[in-house]
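Written out below as structure tokens is the structure these notes cover.
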Amino acid sequence: MRRFYSPPDNFSSTVVLLDADETRHLRDVLRLKIGDEVSVFDGEGREFLSSVTEISKKTSHLTLVKEIAPGSPESGFEITLAATILNGEKYDLIIQKAVELGVSALMPIHTVRCDVKLKDAEKRMLRWRRIALEATKQSGRAKLMRIEEPTLFPDLIADAKNGEFVLFSERGGTDFASFTPGKKMTAIFGPKGGWDDLELDAGRSGGTSIVTLGGRTMRAETAAIAITAILQHRFGDLN
């Protein structure tokens with residue numbers, strides 16, 4: 001089933017409107033015609049079987065046939081992935097895989113050893129959200145992963161709540177089995193050079209749990225993806 005996205009405001013009780021980008025994909029890439037059936041999701045968890053009724057240059061109108069279950073259900077364990085901003089395609093990969101793994105929100109953070117300036121990260125927001133949307137379509141989810149505005153590490157830690165914020169580090173942490181989260185967690189991942197000592201101290205004093213996994217050395221993007229999968233396996237729906 002071909003899948004399209006349209007925000008909730010574009011839905012009425014019987015019709016949904018597709019914007020210019022989705023219309024272009026429907027008309028020029030997939031070459032769909034009047035009467036073809038597709039599915040449309042609203043980014044908030046609802047999906048509908050729909051029939052194409054009108055295709056114009058910048059919009060399409062689809063008639064809602066019935067609500068259907070998304071191909072990929074949402075996890076009962078709400079993960080916010082706070083990942084240090086990386087260069088180029090490395091961060092694109094984290095975003096794509098985070099969507100596939102059922103992450104609820106991604107928070108780009110700037111740390112001491114981050115090699116991307118905060119203002120440059122802000123310019124990449126549109127690209128990141130487009131990647132998240134495409135990954136949502138392909139993975140079968142009907143709920144969009146939120147991508148928050150980039151933030152500084154001290155500002156993130158200032159909002160830390162004991163038991164909900166966990167910082168994963170290559171050193172200075174406790175065993176993974178030392179904590180049991182509730183229904184949600186913010187998992188914090190550092191840059192390729194590791195955490196600065198002052199950041200680890202700030203995390204501890206701010207009530208953030210620090211966890212170290214074994215002795216393996218992983219790239220920053222590998223760690224974010226692998227540990228997110230472990231979290232979903234232990235506390236979420238990948239079991």
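In what follows, every heavy atom counts, from backbone to side chain, and hydrogens, waters and symmetry copies are set aside.
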Give every donor-acceptor pair under 3.5 Å between a side-chain atom in residues 114-123 and any protein atom, sequence neighbours left out.
unit_1: Asp115; atom_1: OD2; unit_2: Asn87; atom_2: ND2; d: 3.3

Next item on the list: Determine, using the 4.5 Å side-chain heavy-atom cutoff (strictly less than), whether Ile230 and Phe77 are members of one ILVMFWY cluster.
Entry: yes
Check: Less than 4.0 Å between a side-chain N and a carboxylate O, is that true for Glu44 and Arg46?
Finding: no
Next item on the list: Mind checking the OG-CD1 spacing from Ser60 to Ile34? Nearest 0.5 Å is all I need.
Entry: 8.0 Å
Notebook entry, point to check: If every non-hydrogen atom of Ser50 is compared with every non-hydrogen atom of Val16, which pair is closest and at what distance?
Noted result: OG-CG1, 4.4 Å
Notebook entry, point to check: Does the side chain of Phe4 come within less than 4.5 Å of Val52's, by heavy atoms?
Noted result: no
Note to self: Under the side chain to side chain contact (heavy atoms under 4.5 Å, CB included) test against Ile225, which residue among Gln96, Lys97, Glu100 passes?
What the structure shows: Lys97
Notebook entry, point to check: Of all heavy-atom pairs between Pro8 and Asp42, which one has the smallest distance, and what is that distance?
Noted result: CD-O, 3.3 Å
Checklist line | Test item: Gln232 side-chain N/O and Leu101 main-chain N/O as donor-acceptor pair under 3.5 Å | finding: yes
Next item on the list: Look up atom CE in Met145 and atom OG1 in Thr80, then write down how far apart they are to the nearest 0.5 Å.
Entry: 10.0 Å
Next item on the list: Tell me, yes or no, whether the heavy-atom count around Arg2 atom CZ, taken from other residues, nucleotides or ligands under 6.0 Å, exceeds 12.
Entry: no
Check: In Å, rounded to the nearest 0.5 Å, how long is the span from NE2 of His233 to CG of Leu238?
Finding: 8.5 Å
Notebook entry, point to check: If you count the non-hydrogen atoms of other residues, nucleotides and ligands that lie under 6.0 Å from CZ in Arg127, is the total more than 12?
Noted result: no
Next item on the list: For residues Arg204 and Gly172, report the shortest heavy-atom separation together with the two atoms involved.
Entry: NH2-O, 3.0 Å
Notebook entry, point to check: Could you give the distance from CD1 (Ile109) to OG1 (Thr84), rounded to the nearest 0.5 Å?
Noted result: 4.0 Å
Next item on the list: Check Thr228 against Ala224 and note the closest heavy-atom contact, atom names and distance.
Entry: OG1-O, 2.6 Å
Margin query: Test of understanding: clusters of I, L, V, M, F, W, Y form through side-chain heavy atoms closer than 4.5 Å, transitively. Do Ile227 and Leu93 belong to the same one?
Written below: no
Next item on the list: Inspect the surroundings of NZ in Lys143 and state if more than 12 heavy atoms from other residues, nucleotides or ligands are less than 6.0 Å away.
Entry: no
Check: Are the side chains of Glu221 and Phe189 in touch, meaning some heavy atoms are under 4.5 Å apart?
Finding: no
Notebook entry, point to check: When Leu167 is tested against each of Leu200, Leu156, Thr186, Thr212 for side chain to side chain contact (heavy atoms under 4.5 Å, CB included), which residue passes?
Noted result: Leu200
Checklist line | Sidechain-backbone polar pair: Thr208 side chain, Phe165 backbone, donor-acceptor under 3.5 Å | finding: no
Check: Looking only at heavy atoms, which two atoms of Ala202 and Ile157 are closest? And how far apart?
Finding: O-CG2, 3.6 Å
Notebook entry, point to check: Do you know which of Ile94, Ile79, Val99 makes side chain to side chain contact (heavy atoms under 4.5 Å, CB included) with Leu106?
Noted result: Ile94
Next item on the list: Using atom types as modelled and distance alone, determine if a side-chain donor or acceptor of Tyr91 lies under 3.5 Å from a backbone N or O of Trp128.
Entry: no
Margin query: Strictly distance-based, threshold 3.5 Å: is any side-chain N or O of Arg141 a donor or acceptor partner for the main-chain N or O of Ala135?
Written below: no
Notebook entry, point to check: Any idea how Phe153 and Trp195 line up, ring-wise: parallel (<30°), tilted (30 to 60°), or perpendicular (>60°)?
Noted result: tilted
Note to self: With rounding to the nearest 0.5 angstrom, report the CG to OH distance, Leu133 to Tyr5.
What the structure shows: 7.5 Å
Notebook entry, point to check: Can you tell if the side chain of Ile188 reaches within under 4.5 Å of the side chain of Phe168, non-hydrogen atoms only?
Noted result: no
Notebook entry, point to check: With side chains defined as the heavy atoms from C-beta onward, is the minimum distance between Lys58 and Thr23 less than 4.5 Å?
Noted result: no
Item checked: Check: Leu198 and Val112 side chains under 4.5 Å, non-hydrogen atoms -> no
Next item on the list: Measure from the side-chain N and O atoms of Arg113 to the backbone N and O of Lys192, and report whether any donor-acceptor pair falls under 3.5 Å.
Entry: no
Notebook entry, point to check: Taking all non-hydrogen atoms of both residues, which atom of Gly45 and which atom of Pro70 are closest, and how far apart?
Noted result: O-CG, 3.8 Å
Item checked: ILVMFWY network linking Ile131 to Leu144, side-chain heavy atoms under 4.5 angstrom -> no
Check: Are Leu26 and Phe41 in one and the same hydrophobic cluster, where Ile, Leu, Val, Met, Phe, Trp and Tyr link if side-chain heavy atoms are under 4.5 Å apart?
Finding: no
Margin query: Does any part of the side chain of Asp196, heavy atoms only, come nearer than 4.5 Å to the side chain of Thr111, both counted from C-beta?
Written below: no
Notebook entry, point to check: Mind checking who shares a hydrophobic cluster with Val65, ILVMFWY linked at side-chain heavy-atom distances under 4.5 Å?
Noted result: Met1, Leu49, Ile68
Next item on the list: For the residue pair Ser39 and Glu47, confirm or rule out a side-chain donor-acceptor distance under 3.5 Å.
Entry: yes
Next item on the list: Walk me through it: do Lys183 and Glu78 pass the test side-chain contact (heavy atoms from CB on, under 4.5 Å)?
Entry: CA-CA 6 Å; Lys183 293 294 185 181; Glu78 183 180 332; over 6 Å; no
Check: CD/Glu199 to CD1/Ile210 distance, rounded to the nearest 0.5 angstrom?
Finding: 10.5 Å
Notebook entry, point to check: Do Leu30 and Val38 come within less than 4.5 Å of each other through their side chains, counting heavy atoms only?
Noted result: no
Checklist line | Check ion pair Asp36-Arg31 (N to O, under 4.0 angstrom) | finding: no
Notebook entry, point to check: Is there a chain of hydrophobic side chains (I, L, V, M, F, W, Y, each step under 4.5 Å between heavy atoms) that links Ile55 to Leu18?
Noted result: yes
Notebook entry, point to check: Within a reach of under 6.0 Å around CD of Glu89, are more than 12 heavy atoms found that belong to other residues, nucleotides or ligands?
Noted result: no
